[in-house]
A.B. asks: 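Here's a structure for you.
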Amino acid sequence: MLASKAGRTPMSTPGGVKSREENIFVTVRVRPLSQKEQASKDQVAWECMDDHTLAYMNSYKRSTTSYTYDRIFGPTCVTEMVYQEGAKDVALSALTGINATIFAYGQTNSGKTFTMKGITESTINDIYGYIQNTPERDFFIKMSAMEIYNETVTDLLNPESGPLRLWDDPEKGTIIEKLMEEKAKDSQHLRHLIGICEAQRQVSETSLNDASSRSHQIIRLIVESSPLESSGGIKSLIATLNFVDLAGSERTSQTNVYSRRLKEGCHINLSLLTLTTVIRKLSARKRSGHIPYRDSKLTRILQHSLGGNARTAIICTMSPVLSHAEQSRNTLAFANHAKEVTNSARVNMIVPEKQLVKHLKKEVARLEAELGTPERSSTSRSVALLREKEYRIHKMETEMEELKHQRDHALSELDELRKNVQQEHQVVKFPSFSRNLGDRTKTTVRRRKIFRQSSIAPISLIHEIRKLEQLQNRLGEEANRALQVLHKEVAFHRMGNQDAAETITKLLTGIKETRSINCLAADVEVKDSSTDHGGAADLKEEITRLNSHEYAIATLEEQLEHAQKCIDKLVMSLPNYDGASQSTSPSRKKKKRSPLALSNNIKTEEPCAHVPSSQQVELEPENKPPQNCELPPLASNETPTKDVDSGGVISSRDSTPGYHRPPTINVKKMQKMFENALEENIRSIRAYVTELKERVAKLQYQKQLLVCQVLELEANEASVNEDEEPIENPPPWDQVFDEKKKQIILLWHLCHISVIRRSRFYLLFKGGDPSEQIYIEVELRRLIWLEDHFAQLGNASPALLGDDPPISVYSSIRALKQEREALARRVNSRFTVAERENLYIKWEIPLDGKQRRVQLVNKLWMDPHNMQHVQESADIVARLVGFYEPGSRVSKEMFELNFAILPDKRKPSLLERSPISNLLHL
Ligand SMILES: Nc1ncnc2c1ncn2[C@@H]1O[C@H](COP(=O)(O)OP(=O)(O)OP(=O)(O)O)[C@@H](O)[C@H]1O
């Protein structure tokens with residue numbers, strides 16, 4: 001509901017726009033013959049002579065009486081023409097702040113509703129077209145609607161509010177208390193609201209009209225517009241536009257003689273009589289005399305439109321047939337009086353107080369500026385400029401603050417990201433397999449988080465794997481070089497047995513092969529890395545690949561093992577080998593200057609990166625080293641013999657005649673020195689090989705850890721997916737039932753479903769039995785469908801839907817209304833006087849109020865959120881319909897699921913009928 005017009009200063013043309021005096025614009029529309037009239041061969045009694053003259057034709061087809069009006073619309077004229085020429089000008093006055101009213105007056109079944117529907121539709125189109133073409137103003141449209149039925153005013157937008165009271169305001173005239181005003185969002189919304197009101201209207205079947213309007217309906221648009229602030233204007237315009245579809249004037253003989261219709265007819269005729277009297281008195285220009293506006297609610301409400309501040313157009317509708325000639329003459333008599341009535345319409349302006357104050361302040365400032373000296377005005381201009389600059393500076397400062405804030409935020413996010421990456425690296429390097437389960441869970445959660453945040457984890461793992469591979473290659477290379485040196489040493493000294501030399505050669509070949517395999521793998525790796533996006537899938541591939549050349553490390557290990565054995569053998573075969581040589585005596589230690597410069601820091605120094613050991617032989621001080629490191633090769637036939645005396649090895653050369661032995665060199669000593677060097681070398685190589693083995697083992701271990709980590713990562717990934725798609729146990733039926741029941745009750749309300757059906761369903765399905773599930777499900781789905789269907793229809797124009805759309809929200813409202821009426825009639829017979837009084841008290845219906853039964857029934861099932869209300873409503877409906885009576889037919893099967901027609905051929909009574917439910921097999 002919208003707020004009333006508070007905070008406005010009405011300025012109804014105070015010395016401004018003059019009020020305009022003009023007569024009510026009266027037109028007559030003669031409808032075509034109805035099918036019934038054609039069938040009964042009823043004679044046509046009226047002829048349109050021209051656009052302004054209508055003539056009554058006697059039985060000889062001669063014109064006897066003629067009537068003149070502003071415009072006559074013959075049977076062939078369409079409603080759009082009636083609108084264009086009979087209503088448009090008046091209706092659109094509302095856009096310029098002038099109140100306007102369009103009436104349809106005429107005998108029952110003469111076409112009033114038919115005409116007014118079209119007129120309303122066309123006016124809405126034009127209003128919204130105008131709004132679109134007037135961008136310099138802001139428009140605001142509200143709508144209210146009421147019907148006057150049996151002299152009771154009801155709000156058609158809120159029928160539950162009951163009868164509305166009228167009261168008089170000295171300024172505003174008659175005011176309808178609590179009448180709802182709904183803001184129209186757009187033309188579609190407005191049409192939708194009008195559609196709902198039309199559906200609410202009292203319509204009944206009479207002998208003349210299958211759907212006769214039994215009430216006067218007033219649809220009221222409040223059109224307000226104000227200039228855009230930028231335009232500098234301050235005056236808003238406001239006007240009401242009434243579309244009045246009167247109930248049909250009828251003779252008692254023409255209506256059914258049932259008491260209800262008779263009573264309606266009396267009220268209708270009474271209010272129409274007052275209207276006629278008011279018009280007649282107004283037309284007689286006896287304004288000084290009493291105009292009985294207050295004799296009927298209709299004339300009270302429309303007082304402004306009858307001789308007051310409004311432009312008014314009346315469209316008198318009539319049937320062309322002779323049998324209704326008398327009624328038609330009455331209509332024309334009314335039209336004659338109406339065309340004499342003069343209105344004085346004014347432009348209604350309002351000035352919102354806020355805007356007025358603002359405007360006045362501006363004016364004062366301007367005047368001050370004009371009065372002031374040029375200096376003063378220039379100073380004030382400078383001040384204004386200064387202020388503007390200050391404002392801009394302030395704005396820029398705020399923006400800068402905001403930017404700084406954004407930058408800080410971005411930086412902290414970056415930091416966070418970096419931290420995550422580092423953490424992930426640490427996790428990769430030092431996996432926590434030894435931790436307890438609690439710690440692991442924490443790590444998993446953290447890692448899962450990191451994994452979600454970025455894809456760096458798999459990338460870093462891949463890097464680790466590749467580093468390991470490089471290490472593996474380097475180990476291979478080092479082993480290779482070590483063995484080569486060994487080989488050379490052995491070859492050079494031609495020592496050791498043949499087997500050892502062969503073994504070393506084999507080892508070399510083996511290692512070379514291993515190296516070549518690793519190189520191949522490295523090639524593949526380079527290629528792979530070009531397409532590497534660091535995903536978990538790549539990681540898996542990586543591990544698979546690593547596992548596939550697992551044998552490379554194993555082979556290397558094996559070969560190193562083998563090499564060590566060979567070396568051991570060689571060492572054993574050394575002539576001066578004894579077990580004690582292994583010990584590190586101080587003398588040995590002193591002497592121990594490895595020809596390969598191998599030391600304990602072998603890890604970092606590559607033994608084979610130096611010059612051959614033979615070139616590094618350090619001679620004892622008394623023996624000068626040979627200039628040329630290359631020692632002369634031994635003759636093949638020379639076999640070393642042992643000098644038993646000296647206890648040393650004597651070269652065969654020593655014994656060879658003619659052999660020139662340098663005088664300064666002690667051969668024995670030399671030999672000894674070489675032996676020692678070899679021994680040292682071999683020992684060094686042995687130590688190195690041992691270390692290589694250790695490193696390979698470490699490598700293997702690290703690889704194992706990596707694989708485990710990958711597995712863990714995969715498991716986390718899987719559990720993340722599980723987290724995202726949790727498989728939940730279905731909730732218990734009681735809970736489901738409760739939720740669905742609430743949904744169903746709300747949808748019943750929204751779709752205006754029969755209250756009898758609601759009550760039956762509600763009382764039948766209590767939720768205890770899981771077999772009810774299917775009924776609940778089907779009901780819910782149908783209602784959801786219905787709601788959707790209504791929503792779609794809601795966007796369609798009522799004009800497009802036609803008079804009685806097959807299934808629409810309007811038809812269901814109408815059906816529900818009829819059902820409530822029928823139920824109301826049963827209240828007296830189904831409840832005792834005491835019970836009724838109790839009910840009225842409980843449902844807050846005044847005991848002395850009118851139509852208490854109707855009020856009671858109208859209150860049933862109106863609050864879908866209150867379960868107690870729902871239960872009590874269902875109980876009352878059950879009593880009214882007789883569900884609780886013995887032998888009453890209530891079974892679940894009546895909400896059948898198979899959509900088949902029930903075998904019961906019994907014609908349903910009104911209380912069991914509902915167009916929507918029938919259509920939907922509800
Ligand atoms: N100009 C017209 N062209 C075609 N059909 C018309 C025309 N005017 C009215 N009708 C038809 O005549 C019937 C009666 O019209 P309508 O209900 O509008 O009359 P009414 O004056 O509002 O009656 P009541 O006062 O009983 O409500 C309807 O079926 C309507 O479709």
Side-chain angles (χ1 to χ4, degrees), residues 27-40 42 44 46 48 54 71-87 102-122 147-150 194 197-219 243-256 260-262 264-272 275 298 314-321 323-324 327-328 330-332 334-335 798-805 810 814:
T27 57
V28 174
R29 183 181 200 189
V30 184
R31 69 157 167 78
L33 285 171
S34 68
Q35 279 181 349
K36 232 181 187 175
E37 288 161 346
Q38 278 171 351
S40 65
D42 208 343
V44 174
W46 302 91
C48 301
L54 182 70
R71 182 75 163 87
I72 306 284
F73 302 103
T76 54
C77 282
V78 291
T79 308
E80 181 58 22
M81 186 183 270
V82 179
Y83 166 70
Q84 289 291 339
E85 296 182 31
I102 315 290
F103 276 100
Y105 179 96
Q107 183 206 356
T108 184
N109 199 36
S110 58
K112 297 181 295 297
T113 307
F114 182 88
T115 304
M116 282 314 290
K117 268 190 183 178
I119 300 277
T120 312
E121 174 69 16
S122 301
E147 76 171 343
I148 306 164
Y149 174 67
N150 290 351
I194 291 173
C197 294
E198 280 169 356
Q200 295 283 1
R201 198 179 172 190
Q202 298 285 343
V203 177
S204 301
E205 190 178 330
T206 63
S207 57
L208 292 180
N209 191 347
D210 291 344
S212 176
S213 312
R214 310 306 297 158
S215 63
H216 308 298
Q217 176 188 266
I218 304 172
I219 289 175
F243 297 98
V244 186
D245 181 9
L246 296 170
S249 58
E250 59 206 6
R251 281 180 299 177
T252 313
S253 60
Q254 285 175 323
T255 55
N256 293 329
R260 189 173 164 170
R261 296 282 100 77
L262 201 61
E264 280 170 0
C266 287
H267 278 294
I268 293 167
N269 286 342
L270 199 72
S271 57
L272 288 176
L275 177 67
L298 176 72
I314 296 181
I315 303 160
C316 294
T317 55
M318 53 182 272
S319 155
V321 292
S323 56
H324 296 314
Q327 283 293 306
S328 301
N330 286 342
T331 301
L332 295 175
F334 174 86
L800 296 176
L801 292 173
D803 278 349
D804 193 13
Y810 317 125
R814 200 174 288 169

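Ligands are counted one by one from 1 in listed order, and the atoms in each one are counted from 1 as well.
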A.B. asks: Using distance alone, determine whether R31 and ligand 1 share an N or O pair under 3.5 Å.
C.D. replies: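 Among all N and O atoms of R31, none is under 3.5 Å from an N or O of ligand 1.
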A.B. asks: Of the backbone atoms (N, CA, C, O) and the side-chain heavy atoms from C-beta on, which set of S34 has a member under 4.0 Å from an atom of ligand 1: side chain, backbone, both, or neither?
C.D. replies: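 Neither part.
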A.B. asks: Can you measure from CG (L246) to OG1 (T108) and round to the nearest 0.5 angstrom?
C.D. replies: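 Between atom CG of L246 and atom OG1 of T108 there are 12.0 Å.
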A.B. asks: Taking the side chain as every heavy atom from C-beta outward, state whether W46 and M318 have any atom pair closer than 4.5 Å.
C.D. replies: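 Yes; the side chains approach each other to less than 4.5 Å.
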A.B. asks: Is the shortest N/O to N/O distance between T317 and ligand 1 below 3.5 Å?
C.D. replies: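 Between T317 and ligand 1, no N or O pair is found under 3.5 Å apart.
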A.B. asks: Would you please determine whether P32 falls within less than 4.0 Å of ligand 1 on a heavy-atom basis?
C.D. replies: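 For ligand 1, residue contact (heavy atoms, under 4.0 Å) with P32 is present.
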A.B. asks: Can you name the atoms of ligand 1, numbered from 1 with element, that are less than 4.0 Å from a heavy atom of S110?
C.D. replies: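 Listed by number with element: 19 (O), 20 (P), 21 (O).
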A.B. asks: So is there a nitrogen or oxygen of N109 less than 3.5 Å from a nitrogen or oxygen in ligand 1?
C.D. replies: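 For ligand 1, there is an N or O atom that lies under 3.5 Å from one belonging to N109.
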A.B. asks: For the residue pair S122 / E80, report whether a side-chain donor-acceptor contact shorter than 3.5 Å exists.
C.D. replies: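 Yes, side-chain donor-acceptor contact under 3.5 Å.
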A.B. asks: Would G111 count as being in polar contact with ligand 1, using the rule that some N or O on each side must be under 3.5 angstrom apart?
C.D. replies: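 Right, the criterion is met.
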A.B. asks: Without hydrogens or angle criteria, can the side chains of T79 and R29 be said to hold a donor-acceptor pair below 3.5 Å?
C.D. replies: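 Present: a donor and an acceptor within the cut-off.
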A.B. asks: May I ask which of T113, T115, T108, D245 has a heavy atom nearer to atom 22 (O) of ligand 1 than the others do?
C.D. replies: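 Among T113, T115, T108, D245, the closest heavy atom to atom 22 (O) of ligand 1 belongs to T113.
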A.B. asks: Please verify whether a non-hydrogen atom of K117 lies at under 4.0 Å from ligand 1.
C.D. replies: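 The answer is no, since K117 has no heavy atom less than 4.0 Å from ligand 1.
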A.B. asks: Just to verify, which of Q217, M116, R814 counts as forming a side-chain contact (heavy atoms from CB on, under 4.5 Å) with E198?
C.D. replies: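 Only one option passes, and that is Q217.
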A.B. asks: Taking Q327 for the side chain and H324 for the main chain, is one N or O donor matched with an acceptor at less than 3.5 Å?
C.D. replies: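 Flag not set: sc Q327 to bb H324 has no pair under 3.5 Å.
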A.B. asks: Donor-acceptor check, side chain of K112 to backbone of Q107, threshold 3.5 angstrom: yes or no?
C.D. replies: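 Such a contact is found between K112 side chain and Q107 backbone.
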A.B. asks: Does an N or O from F114, backbone or side chain, lie closer than 3.5 Å to an N or O of ligand 1?
C.D. replies: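 For ligand 1, there is an N or O atom that lies under 3.5 Å from one belonging to F114.
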A.B. asks: If the cut-off is 4.0 Å to any non-hydrogen atom of Q107, which atoms of ligand 1 fall inside it?
C.D. replies: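 So the answer, numbered in order with elements, is 21 (O).
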A.B. asks: Side chain, backbone, both or neither: which applies to R29 and ligand 1 if a contact is any heavy-atom pair less than 4.0 Å apart?
C.D. replies: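 Side chain only.
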A.B. asks: Output the distance between atom CE (M81) and atom OG1 (T27), rounded to the nearest 0.5 Å.
C.D. replies: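 That separation rounds to 12.5 Å.
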